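Just so it is clear, the model here is predicted, and its values are computed rather than measured.
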Amino acid sequence: MDRAQLADFLRTRREALQPEDVGLPRGPRRRTGGLRREEVAALSGMSVDYYGRIEQQRGPQPSEQMLAAIARGLRLSLDERDHLFLLGGHPAPRRARREDHVDAGLMRILDRLVDTPAMVVNGVGETLVQTPPAVALLGDETSYEGLDRSVVHRWFTRPESRAIYPEEDQPRHGRQFTADLRFAYARDGAGSRAAEIVDALLATSEEFALVWAEHEVERKHTKLKRIAHPEVGLVEVHCQVLYDVEQSQGLLVFTAAPGSESHERLQLLSVIGAQRLDVGGAS
């Protein structure tokens, strides 16, 4: 680990970003360019003290998970992320497929959707980043660990995760999730993350085994989704997807028809998401 170079690299990347680049207001009292340490820490999902110690060449060696979070917070390119890992004393992640790294361009789009439910999902159904309204609508899908990071794994091992959809819609969603996983499995092959999830589900879920045996490969998803939200009730949303083919990731954006009851409920959830973000930032 090269503490000095790591600290210098983070500082230069932080100072190269402007608040507008990451969807933050500049504010009238900002005297210098670049982001503040507390802003990078918030974007990376860590404490200001932890991030500050890295820039000050103090504290323990950051883990791969923390470096990945910083890379995302600083909107680093893949080459910059490789460099960050090496400076942090870790081998650069395998370059063949980077399903956990969100491209800087995709992050810039997400930054401009701060008042809209939106999220980035990789090929095996792992949510990588969400806007606050998306967390308010769907829950924090980035908080899971291990195989449960994948929505399809949770679907067949945690039946309570299905409550987000009306009961009559659940079979369709289960088939769609399985078809997406089959596509990733065929693309990436043995030894991949998709294969690991498939093997685990075949060993633990008879329901998954039955659906998997049907060999559904149709990946046409209905754009209309019904979300059974515990606070505001049923919300009908249109889900638009922007695919990053190189990274095998999708940017999902949820909208509702203007003037509809669902649109009013989405607006309410945006307020709820902002309030929760303020509370979290103050703690």
Can you find a pair of side-chain heavy atoms, one from [X] and one from [Y], that are under 4.5 Å apart?
X: Arg265; Y: His229; value: no
X: Tyr144; Y: His153; value: no
X: Met66; Y: Tyr50; value: yes
X: Leu87; Y: Leu67; value: no
X: Met119; Y: Thr131; value: no
X: Arg149; Y: Leu128; value: yes
X: Val235; Y: Val232; value: yes
X: Val124; Y: Val152; value: no

Should [X] and [Y] be regarded as members of a common hydrophobic cluster, given that ILVMFWY residues are connected when their side-chain heavy atoms come within less than 4.5 Å of each other, either directly or indirectly?
X: Val151; Y: Val241; answer: yes
X: Ile109; Y: Val120; answer: yes
X: Phe177; Y: Leu202; answer: yes
X: Ile54; Y: Leu86; answer: no

Verdict with reasoning, Leu147 to Arg193, per side chain to side chain contact (heavy atoms under 4.5 Å, CB included): CA-CA 9 Å; Leu147 295 180; Arg193 178 69 166 173; 3.7 Å; yes
- prompt: Parallel under 30°, tilted from 30 to 60°, perpendicular over 60°: which one fits the rings of His90 and Phe85?
  reply: perpendicular
query: What residues form a side chain to side chain contact (heavy atoms under 4.5 Å, CB included) with Arg182, not counting sequence neighbours?
result: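 Side chain to side chain contact (heavy atoms under 4.5 Å, CB included) check on Arg182 returns Trp212, His215, Val217.
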- prompt: Checking salt bridge (Lys or Arg N to Asp or Glu O under 4.0 Å) for the pair Glu207/Arg162: CA distance, chi angles, key distance, verdict?
  reply: CA-CA 14 Å; Glu207 181 186 5; Arg162 305 181 185 190; 2.8 Å; yes
Rounded to the nearest 0.5 Å, what's the gap from [atom1] on [X] to [atom2] on [Y]? Could you check?
X: Leu242; Y: Leu252; atom1: CG; atom2: CG; value: 10.0 Å
X: Leu113; Y: Phe254; atom1: CG; atom2: CZ; value: 12.0 Å
X: Glu39; Y: Arg37; atom1: CD; atom2: CZ; value: 13.0 Å
X: Ile197; Y: Phe156; atom1: CD1; atom2: CZ; value: 12.5 Å
X: Leu110; Y: Thr116; atom1: CG; atom2: OG1; value: 10.0 Å
X: Leu84; Y: Leu6; atom1: CG; atom2: CG; value: 6.0 Å

query: Hey, would you say the His83 and Phe9 ring centroids sit under 6.0 Å apart?
result: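 Judged by ring-centre distance (under 6.0 Å), His83 and Phe9 do meet the cut-off.
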task: List the steps, then state whether side chain to side chain contact (heavy atoms under 4.5 Å, CB included) holds for Leu35 with Leu43.
output: CA-CA 10 Å; Leu35 297 182; Leu43 290 168; 4.0 Å; yes
Between the side chains of [Y] and [X], is the shortest nitrogen-to-carboxylate-oxygen separation below 4.0 Å, so that they form an ion pair?
X: Glu168; Y: Arg226; answer: yes
X: Arg11; Y: Glu15; answer: yes
X: Lys225; Y: Asp169; answer: no
X: Arg172; Y: Glu167; answer: no
X: Asp148; Y: Arg158; answer: yes

- prompt: Around Glu214, counting heavy atoms of other residues, nucleotides and ligands shown, do more than 12 lie under 6.0 Å from its CD?
  reply: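 Yes, the 6.0 Å shell around CD holds more than 12 heavy atoms from other groups.
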field: Arg58 CZ: over 12 foreign heavy atoms closer than 6.0 Å
entry: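 Count over threshold, so yes.
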message: Assess the residue pair Leu137 and Ile227 against the criterion (side chain to side chain contact (heavy atoms under 4.5 Å, CB included)); give the C-alpha distance rounded to whole Å, side-chain angles, the decisive distance to 0.1 Å, and a yes or no.
response: CA-CA 8 Å; Leu137 177 65; Ile227 308 298; 4.0 Å; yes
message: Can you see whether Glu141 engages Thr127 through a side-chain donor-acceptor pair at a distance of less than 3.5 angstrom?
response: yes
- prompt: Is a side-chain donor-acceptor pair under 3.5 Å present for Asp49 with Ser47?
  reply: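 Short answer, no.
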query: Could you walk me through whether Thr157 and Thr204 pass the side chain to side chain contact (heavy atoms under 4.5 Å, CB included) check?
result: CA-CA 8 Å; Thr157 60; Thr204 58; 4.2 Å; yes
